[in-house]
Student: 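To start, I am sharing the structure in question, which I have written as structure tokens.
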Amino acid sequence: MPELPEVETILRALAPALTGRRIERVELFSPKMRTPLAPLREELPGRTILAVRRRARYIVAKLDNGHGLVMHFGMTGVVRVESPEVPRRKHEHVFLYLDNGLVFRFECARRFSVLEVQPLNANDDPPVFLSFGPEPLEDGFSPDYLYTRSRGVKQAVKPFLMDNGVVTGIGNIYATETLFAARVSPLKQASRLTRPACRRIVENARRVLQEAIRQGGTTIADFRHVDGTEGQFAVNLQIYGKAGCPCPVCGNLLKAAKQGGRTTVYCPHCQR
DNA sequence: CAACCGCCCTGGGAGC
DNA sequence: TGCTCCCAGGGCGGTT
């Protein structure tokens with residue numbers, strides 16, 4: 001389940017592999033993932049990729065016609081750049097043949113991913129970025145910002161942190177880990193966050209995300225690097241997926257709760 | 001309009 | 001062994 005550190009890991013491998021390449025041919029093996037794939041056949045052949053960047057959980061490859069190839073990896077998206085000799089895997093839906101003889105391949109078992117050409121504005125952003133809040137590793141995500149932004153919000157703090165309009169790229173894994181490290185209950189109403197709690201959330205989100213990027217992301221089941229290897233951060237997870245186990249800090253049993261259909265794990269003793 | 005809910009999709013694990 | 005059921009969950013569209 002790629003969140004920010006996983007997508008950043010993908011970007012670091014993908015940018016050098018795609019930048020400057022011309023897309024010669026498109027081959028499709030499914031009609032759609034989250035969006036129809038057929039338009040790619042008209043939009044991509046002949047286009048050169050000028051730059052590749054990440055925002056939130058998206059990667060955008062800027063094309064030479066003012067449009068961008070927008071990618072989102074959903075739950076199970078895996079991309080590779082490799083030889084056309086490698087046999088197609090069961091859930092590979094798109095091959096983009098590049099001018100250096102290699103093939104960009106998009107695999108996604110659950111087809112929750114997006115691969116779509118969209119227009120870019122003057123900042124090279126596709127329309128979906130306009131509603132986004134700050135990146136968690138940039139200055140805009142400050143304790144002051146989080147405190148101000150949470151005033152009057154009736155939502156619980158965990159879905160609030162997972163809202164891309166508040167801060168981008170934080171999903172279930174890193175929201176869970178951040179709130180545990182910040183000693184804030186995921187069930188707490190966002191409007192009731194104190195300034196010190198906001199500071200702890202910002203500091204710990206940064207620390208956890210930075211460390212996960214350093215470890216090449218978290219592989220639970222599906223996430224793979226562009227070269228097929230696994231991320232190593234899973235060993236650092238303190239409580240994600242460990243409901244019923246003892247809290248690593250106080251030893252009381254970790255509890256599970258449902259928030260918006262997502263499982264939340266927390267320590268009722270440490271997190272208030 | 002904020003908040004919430006259901007849907008998209010398939011593999012893997014639990015339970016019988 | 002093999003069947004069924006449930007869960008994983010980001011983003012988005014629909015509803016309250």
Side-chain angles (χ1 to χ4, degrees), chain A residues 1-11 28-37 54-60 70-79 88-94 106-116 118 125-133 135-136 148-179 186-193 209 212 217-224 230-231 233-234 237 239-244 256-266:
Chain A
M1 50 207 77
E3 300 183 28
L4 188 148
E6 292 74 40
V7 179
E8 181 65 26
T9 301
I10 294 169
L11 172 75
L28 305 179
F29 305 97
S30 309
K32 65 188 279 275
M33 291 196 287
R34 212 169 75 202
T35 59
L37 295 170
R54 179 191 64 78
R55 172 83 167 101
R57 269 169 277 210
Y58 289 84
I59 287 176
V60 179
V70 175
M71 308 174 205
H72 189 289
F73 304 95
M75 290 289 298
T76 54
V78 174
V79 290
R88 185 174 79 88
R89 296 165 187 84
K90 185 178 176 188
H91 296 291
E92 284 182 328
H93 308 300
V94 182
F106 208 120
E107 177 186 32
C108 186
R110 266 170 261 185
R111 281 186 257 161
F112 276 19
S113 292
V114 172
L115 187 65
E116 192 175 39
Q118 295 179 11
D125 287 340
V128 66
F129 288 10
L130 295 179
S131 64
F132 283 173
E135 285 283 315
T148 304
R149 185 72 177 72
S150 59
R151 294 310 88 189
V153 175
K154 293 193 178 357
Q155 226 180 358
V157 63
K158 181 162 174 267
F160 174 71
L161 268 190
M162 290 171 65
D163 181 345
N164 278 323
V166 174
V167 57
T168 57
I170 299 182
N172 203 21
I173 295 174
Y174 295 108
T176 297
E177 293 292 308
T178 294
L179 290 172
L187 309 176
K188 190 186 191 74
Q189 206 175 8
S191 64
R192 302 188 57 172
L193 288 170
L209 292 168
T218 302
T219 296
I220 300 291
D222 301 298
F223 174 65
R224 290 294 184 279
E230 301 190 356
F233 190 72
L237 295 175
I239 66 165
Y240 179 83
K242 297 182 179 176
K258 280 277 182 195
Q259 292 184 287
R262 290 353 173 224
T263 299
T264 294
V265 181
Y266 67 108

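Chain letters run A, B, ... following the sequence lines, proteins first, then strands; residues in each count from 1.
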Student: Nearest 0.5 Å, please: how far is CG in L28(A) from CE in M33(A)?
Tutor: 9.5 Å

Student: Applying a 4.0 Å non-hydrogen cut-off, can you work out what Y58(A) is touching in the nucleic acid: base, sugar-phosphate, or nothing?
Tutor: sugar-phosphate

Student: Just compare dC8(B), dC4(B), dT10(B) and give me whichever is closest to any side-chain atom of K32(A).
Tutor: dC8(B)

Student: R34(A) has a side chain; which of dC4(B), dC12(C), dC8(B) sits nearest to it?
Tutor: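 Per side-chain heavy atoms of R34(A), the pick is dC12(C).
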
Student: Return the nearest nucleotide to the side chain of H72(A); candidates are dT10(B), dG11(C), dC8(B).
Tutor: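 For H72(A), the side-chain atoms sit closest to dG11(C).
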
Student: What is the nucleic acid contact for M162(A), judged by heavy atoms within less than 4.0 Å: base, sugar-phosphate only, or nothing?
Tutor: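 Sugar-phosphate contact only.
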
Student: Under 30°, 30 to 60°, or over 60°: which ring-plane class applies to F73(A) and F106(A), parallel, tilted or perpendicular?
Tutor: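 Aromatic pair F73(A)/F106(A) classed parallel.
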
Student: Specify the separation, in whole Å, of atom CG of N172(A) and atom C1' of dC7(C).
Tutor: 13 Å

Student: Restricting to non-hydrogen atoms, name the atom on Y174(A) and the atom on E6(A) that form the minimum distance, rounded to 0.1 Å.
Tutor: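 So the minimum-distance heavy-atom pair works out to OH-OE2, 2.6 Å.
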
Student: In whole angstroms, how far is the P atom of dA3(B) from the CD atom of Q259(A)?
Tutor: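 Taking CD of Q259(A) and P of dA3(B), I get 14 Å after rounding.
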
Student: Starting at atom NZ of K90(A), determine the distance to atom P of dG12(B), rounded to an integer number of angstrom.
Tutor: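 Going from K90(A) (NZ) to dG12(B) (P), I get 8 Å.
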
Student: Side chain of R111(A): nearest nucleotide among dC8(B), dG11(C), dT10(B)?
Tutor: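 Looking only at side-chain atoms, R111(A) lies closest to dT10(B).
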
Student: OP1 or OP2 of dC4(B) versus the side-chain N and O atoms of K258(A): is any pair under 4.0 Å?
Tutor: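 K258(A) to dC4(B) OP1/OP2: no side-chain N or O under 4.0 Å.
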
Student: Scan V114(A) against the nucleic acid and name what it touches under 4.0 Å (heavy atoms): base, sugar-phosphate only, or nothing.
Tutor: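 V114(A): no heavy atom of the nucleic acid under 4.0 Å.
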
Student: Over how many whole Å does the gap from N164(A) atom CG to dG11(C) atom C1' extend?
Tutor: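 My rounded result for the distance is 8 Å.
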
Student: NZ of K154(A) versus P of dC1(B): gap in Å, rounded?
Tutor: 16 Å

Student: Nearest to the V128(A) side chain among dC9(B), dC12(C), dC4(B), which nucleotide is it?
Tutor: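 Per side-chain heavy atoms of V128(A), the pick is dC12(C).
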
Student: Can you tell me the distance, in whole Å, between the NE2 atom of H91(A) and the C1' atom of dG11(B)?
Tutor: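 Taking atom C1' of dG11(B) as the reference, NE2 of H91(A) is at 7 Å.
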
Student: Just do the side-chain contact (heavy atoms from CB on, under 4.5 Å) check on R151(A) and L193(A) with the steps written out, would you?
Tutor: CA-CA 8 Å; R151(A) 294 310 88 189; L193(A) 288 170; 3.9 Å; yes

Student: Under a 4.0 Å threshold between the charged nitrogen and the carboxylate oxygen, would R54(A) count as salt-bridged to E135(A)?
Tutor: yes

Student: Quick one: F132(A) CZ to dC12(C) P, roughly how many Å, whole number?
Tutor: 7 Å

Student: Of the options dA8(C), dC9(B), dC12(C), whose atoms approach the side-chain atoms of T263(A) most closely?
Tutor: dA8(C)

Student: Could you state the CG-P distance from L37(A) to dC9(B), rounded to the nearest angstrom?
Tutor: 13 Å

Student: As a test of reading the structure: which of dG11(B), dC12(C), dC9(B) is closest to the side chain of A109(A), going by heavy atoms?
Tutor: dG11(B)

